[in-house]
2 protein chains.
Amino acid sequence: MATTLQALATHSRLLILSRLRESPATVSQLAEAVEMEQSAVSHQLRMLRHLGLVQGRRSGRSVTYALHDNHVAQLLDEAVFHAEHLRLGARDQADETA
Amino acid sequence: MATTLQALATHSRLLILSRLRESPATVSQLAEAVEMEQSAVSHQLRMLRHLGLVQGRRSGRSVTYALHDNHVAQLLDEAVFHAEHLRLGARDQADETA
DNA sequence: CTGTTGCATGAAGACCTCTACATGTTTGTA
DNA sequence: TACAAACATGTAGAGGTCTTCATGCAACAG
């Protein structure tokens, strides 16, 4: 389970998923969108695939990726929501042990 | 944001948070519950504190930790829910590019 | 003040992860 | 078949993370 959640623990994967949340995209499109090398994107997509977060379909020479289902989109939304909430509340109460 | 979500990306922190979701606990209680050294627990609690996920209050010689608010509990629930869903769906469709 | 308990923190080492480079594989083209 | 395009994958190195050990700090007892 930690492994699954770790999929959202990296900037690059979060960018990829956010991009896919808008609409499906090919690997090269993703690479350009998130400003990463094709190789790096493929590696991350591999992990996301194994975790069941995304899905890839071949069309000719390119492979189009998309979020696996609405569940994933929802997960992303909730993650953003909570992260935002926490970011605000966690301002400086970090060190006040009280 | 990736940093925030990374809090849930580790087995140890997930255990700590799950334990705290039941009820507040002191550091030593946590250490015993999750079977980790007190030092390791403190280190993780530090990170969770800085992220605003937990809150610690001193009572005499011990410090009692608790989830920061209901929001965090909800985040945990949703994480578990989605993780479970994904785990089931991601069975073997990992390699079928179609 | 001295000692003890409970927790925090600094440092180091083992381990894991991410990226870049090179190369392999599949699909389409001529 | 030879070649190019779009991805996938093996590998290695840089960088980050987690745990352990040692130590420091705060609170209470005597």
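Chain letters run A, B, ... following the sequence lines, proteins first and then strands; every chain starts at 1.
Remark: C1' of C/dT9 and NE2 of B/H50 are 11 Å apart, rounded to the nearest angstrom. Atoms CG (A/L51) and P (C/dT17) sit 11 Å apart, rounded to a whole Å. Separating the CG atom of B/L30 from the P atom of C/dG6 is a distance of 14 Å, rounded to the nearest angstrom. Between B/R49 atom CZ and C/dT9 atom C1' there is a gap of 10 Å when expressed in whole angstrom units. Look at CG on A/L5: it is 17 Å from P on D/dT17, rounded to the nearest Å. In this entry the distance linking CD of B/E32 with C1' of C/dT5 reads 16 Å, nearest Å. Per the geometry, CD belonging to B/Q29 stands 11 Å off P belonging to C/dG6, to the nearest Å. Computed from coordinates, the B/L8 CG to D/dT17 P distance equals 15 Å when rounded to whole Å.
Scanning for side chain to side chain contact (heavy atoms under 4.5 Å, CB included) contacts around B/E32 gives an empty result, with sequence neighbours left out. For A/H71, the side chain to side chain donor-acceptor pair (under 3.5 Å) partners at least two apart in sequence or on another chain are B/H82. Under the rule for a side chain to side chain contact (heavy atoms under 4.5 Å, CB included), the partners of A/R21 that lie at least two apart in sequence or sit in another chain are A/L67, A/A73, A/L76, A/D77. Partners of B/A33 according to the side chain to side chain contact (heavy atoms under 4.5 Å, CB included) rule, which considers only residues two or more places apart in sequence or in another chain, are B/R19. For A/T26, the side chain to side chain contact (heavy atoms under 4.5 Å, CB included) criterion is met by A/S28, A/Q29, A/S62, A/T64, not counting sequence neighbours.
The side chain to side chain donor-acceptor pair (under 3.5 Å) analysis of residues 6-16 of chain A, with sequence neighbours excluded, yields the pairs A/T10-A/R13, A/S12-A/Q44, A/R13-A/Q44. Among pairs with a residue in residues 67-76 of chain A, none fulfils salt bridge (charged side-chain N to carboxylate O under 4.0 Å, His left out), at least two apart in sequence or across chains.
Of the inter-residue distances, the one linking B/L17 atom CG with B/L48 atom CG reads 5.0 Å to the nearest 0.5 angstrom.
In terms of phosphate contacts, A/S62 brings no side-chain nitrogen or oxygen within less than 4.0 Å of OP1 or OP2 of D/dA6. Between C/dA8 and B/Y65, a contact under 4.0 Å exists linking OP1 or OP2 to a side-chain N or O.
Minimum interatomic distance between A/A25 and A/L30 (heavy atoms only, all atoms of both residues): CB-CG, 4.1 Å.
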Protein-to-nucleotide contact annotation, 5' to 3' order, nucleotides 19-30 of chain C [B base; S sugar-phosphate only; - none; under 4.0 Å, heavy atom]: SBB-----BB--
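Contacts between residues 13-27 of chain B and DNA chain C, defined by a heavy-atom separation under 4.0 Å, are made by B/T26, B/V27.
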